[in-house]
Amino acid sequence: MHQLKSWAEPYKIKMVELLDMTTHAQRLKAIADAGYNTFLLRSAEVYIDLLTDSGTSAMSDQQWAGMMRGDEAYAGSRNFYHLEEAVQKTYGYKYLVPTHQGRGAEHIISKLLIKKGDVIPGNMYFTTTRLHQELAGGHFVDVIIPEAHDPENEHPFKGNIDLQKLSEVIRKYGAKKIPYVSLATSVNMAGGQPVSMENLKALRELTSKHGIRIIHDMTRVAENAYFIKEREPGYNRRTIASIIKEICSYTDGATMSAKKDALVNIGGFLALNEYPVFEEARNMVVVYEGLHTYGGLAGRDMEAMAIGIGESVSYDHIHARVGQVLYLGKKIADAGVPIVKPVGGHGVFLNASAFLPHIKQDQYPAQQLAAQLYLESGIRSMERGVVSAGRDPKTGKNRYPKLELVRLTIPRRVYTQAHMDVVAESVAAVYDRRKKIKGLKMVYEPKYLRFFQARFKPL
Ligand code: PLI
C-alpha cells in the first residue's frame, strides 16, 4: 500500500465494548478501597484503561476466525504447528516451546541456564525477568547506556547496551559466570526505548568472542523494528519483517510475551536455536506449563497467536500503533508536562519526580500520581518507580531507581484519537493542581513483585 504520512488506523471497527463512566465521589471511594494502587481497582471502575498494553489488544476478525479453528487436542494440536511455523518464518528461531505467557518462558530459561552465583547483564531490569533470574540464584547487573536513566536525554536508541560497561562486567566476573546477556528490544522500564541494529551487531561480536549467549526479550520487537526503520541509517527502505528477522539473527534464543506485540490476550513462548538447550526446555515445560505442544495454552490461543504474529509485522499496523503513542506524547509534552523523551513505542511515561518535585521518592510520587490521574477522570495508569523496583534480595533495602515514572500504556487497536485527547487533557488538569498533591505511605507490602498488590494511605 502507498505509505501514508498519517498514522490513521489500517482497520475499521466491527464491534464495540461500552465503557463505564464514574463520578468523582465514586472514584474517590474506589481508589481508597484499592489502597491507592491502580492494580487493585476493578476494571468496571475505570474509564480509559492504560494500565498496560499486555493482553489488552483488540484481535482482528482473522484472529477471531482462527479461534474457531482451535484444535483442542491434548497432544500435537495442528495450531501448535501453525505457531511453530510462524515463529520460524517470522523470527528465524529454530525451536519453539510454547508457554502460558512471557514469565513462563522466563522461568524455564532462568532455571535452565543460571547457576547460583551467576551474573546476568542486561539493558535495564524488567520486574518478572529479574525476579526469575534472582530466584534461579543469579544476580542482575544493569549495562544499559547511562542516557537511558535520564528522562530528558533525547538519544534515539536509549535501549542500547553500554559495551564498555559490559566488557568490564565480563572482565570482573569472567565469562563462565555469565550464562547469557539479557537483551530486551524496546526497553520497557526505560520508556519503551529501542536498541539500534549497530549496537546489536557490536553486542553479538563482543559476546561471541567470549562464548556468551544472548537471550532476547522480544516482547516488543516489532515496535523496536519500527524505530530502527525510522531512525537508523540504511534501514528506511527495509520492511519491518526483515528488520525483525535481522534483530533475532544476532541472538541465540528469546522469551516472548505474545500479549504485547503479537496481538493476543494470552500466550507466550521460549524460542531457541541450540538443540540441547531446547531439549531440556521442552522437558521442563511439561513440569511447569503443560505438554510441549501447548505449554499452558488452548489450541485456539496458539492459532490466534500465529495469526497475530503475521499481522504484527505489517508496516501499516506498526506505523498506526506507534503513531498513536507519539500523538499522545506530543499532546502531553505540548501542555508542558514532564515526560520521558523521546516518546517510546508502547506508552507515554510521565516523569513523576519532575511532576511532583516536592514529594520525596520514599513517599511514592509516581504511585500517588497514578492514583490522582484515576481520581481526575477515571484513567488508569501504572507506577514504574520505587514501588516497582522493590527491595534488594541481599540487603532487604529499597532500590531507588533514577526513573520515577507513571506509564500511560496504550493497548493496541483499542482506543481512538479522541480518547487520547481526553487523556492529555486529564494529565494537564492534574498538572495544574500538582502543588496541592501530597505523598503516600505503604501500609501493606507483599514479598514478591510488590507493585501488583501493595496498599497505601495518603500522608
Ligand atoms: O506478563 P508476561 O508474563 O506475559 O510477560 C512478562 C514480561 C516480560 N518482558 C517484558 C519486557 C514485559 O513487558 C513483560 C510484561 N509486561 C507487562 C505485564 C507490562 O505491563 O508491561
Side-chain angles (χ1 to χ4, degrees), residues 37-39 43 49-57 97-110 120 122-135 140 142 144 148 158-159 180 182-195 215-224 247 251 253-271 285 288-289 295-297 301-302 304-305 308 325 340 344-349 366 370 380-385 387-389 403 405-412 414 448-453:
N37 185 345
T38 51
F39 276 102
S43 87
D49 202 347
L50 307 186
L51 183 73
T52 177
D53 62 331
S54 180
T56 52
S57 296
V97 180
T99 58
H100 77 285
Q101 58 184 83
R103 70 198 73 178
E106 290 171 347
H107 178 207
I108 292 172
I109 198 69
S110 302
I120 304 94
N123 52 347
M124 201 170 271
Y125 84 99
F126 183 70
T127 53
T128 57
T129 321
R130 181 175 64 189
L131 180 58
H132 278 298
Q133 291 163 356
E134 288 173 351
L135 290 173
F140 176 84
D142 188 9
I144 202 165
K158 275 167 108 173
Y180 57 89
S182 187
L183 166 89
T185 34
S186 290
V187 181
N188 191 353
M189 301 302 276
Q193 304 295 334
V195 181
I215 298 294
H216 174 200
D217 181 341
M218 62 179 297
T219 296
R220 296 181 181 85
V221 68
E223 290 163 7
N224 197 119
I247 292 173
T251 70
T255 55
M256 174 61 151
S257 170
K259 302 172 73 173
K260 283 81 164 176
D261 268 2
L263 298 165
V264 287
N265 304 124
I266 192 71
F269 59 78
L270 176 62
V285 78
Y288 296 107
E289 302 277 318
L297 297 167
D301 299 326
M302 292 189 283
M305 204 196 303
V325 177
V340 173
H346 67 308
V348 178
F349 289 62
R380 171 151 69 173
S381 57
M382 181 196 291
E383 192 265 7
R384 293 276 80 155
V387 184
S388 294
L403 298 176
L405 310 173
V406 168
R407 188 182 72 175
L408 303 166
T409 343
I410 316 299
R412 295 166 186 80
V414 171
Y448 297 119
L449 304 175
R450 65 185 183 182
F451 57 95
F452 284 131
Q453 291 152 343

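Note that ligands are numbered from 1 as they come in the structure, with each ligand's atoms numbered from 1 the same way. All values derive from a computational prediction rather than experimental measurement. Along the sequence shown, residues are numbered consecutively beginning with 1.
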The criterion is salt bridge (charged side-chain N to carboxylate O under 4.0 Å, His left out); which residues satisfy it with Glu383, sequence neighbours excluded?
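Expected list: none.
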Under 3.5 Å, side chain of Asp301 to main-chain N/O of Ile266, donor-acceptor pair present?
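Not a single qualifying donor-acceptor pair exists.
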Quick check on side chain to side chain contact (heavy atoms under 4.5 Å, CB included): which of Ile247, Thr219, Asp217, Asn123 does Thr185 satisfy it with?
Ile247
Around ligand 1, what residues show up once you keep those with a heavy atom under 4.0 Å from it?
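Around ligand 1, where the cutoff is 4.0 Å for heavy atoms, the contacting residues are Thr52, Ser54, Gln101, Gly102, Arg103, Glu106, Phe126, Thr128, Asn188, Asp217, Thr219, Arg220, Ser257, Lys259, Lys260, Met382, Arg407.
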Gap between atom CE of Met124 and atom NZ of Lys158 - 0.5 Å precision
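One finds 8.5 Å between NZ of Lys158 and CE of Met124.
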Output yes when Asp49 and Arg380 qualify as a salt bridge under the 4.0 Å nitrogen-oxygen rule, no when they do not.
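A salt bridge is present here (some side-chain N lies under 4.0 Å from a carboxylate O).
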Side-chain heavy-atom pair Leu405, Val340 within 4.5 angstrom cut-off
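Of all side-chain heavy-atom pairs linking Val340 with Leu405, at least one is under 4.5 Å.
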